[in-house]
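Note that ligands are numbered from 1 as they come in the structure, with each ligand's atoms numbered from 1 the same way. Note that the structure is predicted; figures quoted are calculated from it, not measured.
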Amino acid sequence: TCKNKVLTLVFVLRPGEVLLGYKKRGFAQGWWNGFGGKVEAGETIEEGAKRELHEESGLSVSNELDHVGVLMFEFVNDPVLLEVHVYRTYSYTGTPIETEEMKPQWFKHQDIPYKDMWPDDKLWYSLMLNGKYFNGNFKFEGLTNLLEYEINEITK
Ligand code: 6U4
Ligand code: NA
Ligand code: NA
């Protein structure tokens, strides 16, 4: 098998709400998600997370992001595993702006649009929103059929 593809996923929070972006192009177009993407050569995973957050939302974060989870995604008939590092933060500067890739919007926790999101999101967002640390493994067939999964909360 191949090396994992390392990706980041960043959630910006304010009390009772989370900032999501509507993906306008590319992978998972038409779904809401946190901000993130591929980690580039020469940057740490956290640096990649901050860079993608800025590129996709216009927001900047100068202090540390909280690393809250690692999610592994396997796709049937694809040897590449996605290793997604999930971060959250309450502290940021700037105002969310629409970019070529994402249209940002704040959602109250009870209004998160799970039907227009990756099918795994409804399974772990409560852990993320509550600041728990977790690991997950997911097996997909295509982008919409979640065949198997396991999620574990980890006590730090
Ligand atoms: P480009 O084309 O360079 O903008 P890049 O930003 O490198 O792409 P992108 O946007 O395809 O990568 O990254 C995928 C994003 O989707 C990352 O933030 C991780 C996230 N992601 C992938 N699988 C996911 C899943 N099952 N559930 C989820 N987020 C997922 O909530
Ligand atoms: Na991206
Ligand atoms: Na990218």
Trp124 touching ligand 1 at heavy-atom level, < 4.0 angstrom: yes
Would you please indicate if the ring centroids of Trp118 and Phe138 are separated by under 6.0 Å? no
Is Glu52 touching ligand 1 with its side chain, its backbone, both, or neither, if touching means heavy atoms under 4.0 Å apart? side chain
If we number the atoms of ligand 1 from 1 as shown, the ones under 4.0 Å from a heavy atom of Glu56 are 6 (O)
Can Glu100 and Arg25 be counted as an ion pair, charged N to O under 4.0 angstrom? yes
Please identify which atoms of ligand 1 are closer than 4.0 Å to at least one heavy atom of Lys38. 3 (O), 5 (P), 7 (O), 8 (O), 12 (O)
Tyr114 ring center within less than 6.0 Å of Tyr125 ring center: yes
If you count heavy atoms of other groups shown closer than 6.0 angstrom to NZ of Lys122, is the number above 12? yes
So for ligand 1, is Arg25 a polar contact partner (N or O within less than 3.5 Å, distance only)? no
At a non-hydrogen distance cut-off of under 4.0 Å, which region of Tyr125 contacts ligand 1 (side chain, backbone, both, or neither)? neither
Find out whether Tyr87 and Phe11 are in side-chain contact, i.e. whether some heavy atom of one side chain is under 4.5 Å from a heavy atom of the other. no
Check contact between Glu55 and ligand 1, using heavy atoms of the residue and a distance below 4.0 angstrom. no
Atom indices of ligand 1, in the order listed, that fall short of 4.0 Å to a heavy atom of Lys23: 10 (O)
Backbone or side-chain N/O/S of Glu56 under 3.0 Å of the Na ion (ligand 2): yes
Proximity to ligand 1 by part of Phe73, non-hydrogen separation under 4.0 Å: side chain
Could you check whether Arg51 pairs with Glu47 (Lys NZ or Arg NE/NH1/NH2 to Asp/Glu carboxylate O, under 4.0 Å)? no
Using a strict cut-off of less than 4.0 Å between a Lys/Arg side-chain nitrogen and an Asp/Glu carboxylate oxygen, indicate whether Glu52 and Lys38 qualify as a salt bridge. no
Should we say atom CZ of Phe75 is surrounded by more than 12 heavy atoms from elsewhere, each under 6.0 Å from it? yes
Name of the Glu101 atom (N/O/S only) found closest to the Na ion (ligand 2): OE2
Under 4.0 Å from ligand 1, counting heavy atoms only, is it the side chain of Thr8, its backbone, both or neither? backbone
Ligand-residue contact atoms, ligand 1 with Phe27, heavy atoms, under 4.0 Å: 11 (O)
Gly36 backbone or side-chain N/O/S under 3.0 Å from the Na ion (ligand 2): yes
Within less than 4.0 angstrom of ligand 1, does Met117 place any heavy atom? no
What atoms of ligand 1 come within less than 4.0 Å of a heavy atom belonging to Asp121? 27 (N), 28 (C), 31 (O)
Pick from Trp118, Trp31, Phe140, Phe11: the one approaching atom 22 (C) of ligand 1 most closely through a non-hydrogen atom: Trp118
Pairwise side-chain contact, Val12 with Leu53, heavy-atom cut-off 4.5 Å (strictly under): yes
At what distance, to the nearest 0.5 angstrom, does CG of Leu146 lie from CZ of Phe140? 4.5 Å
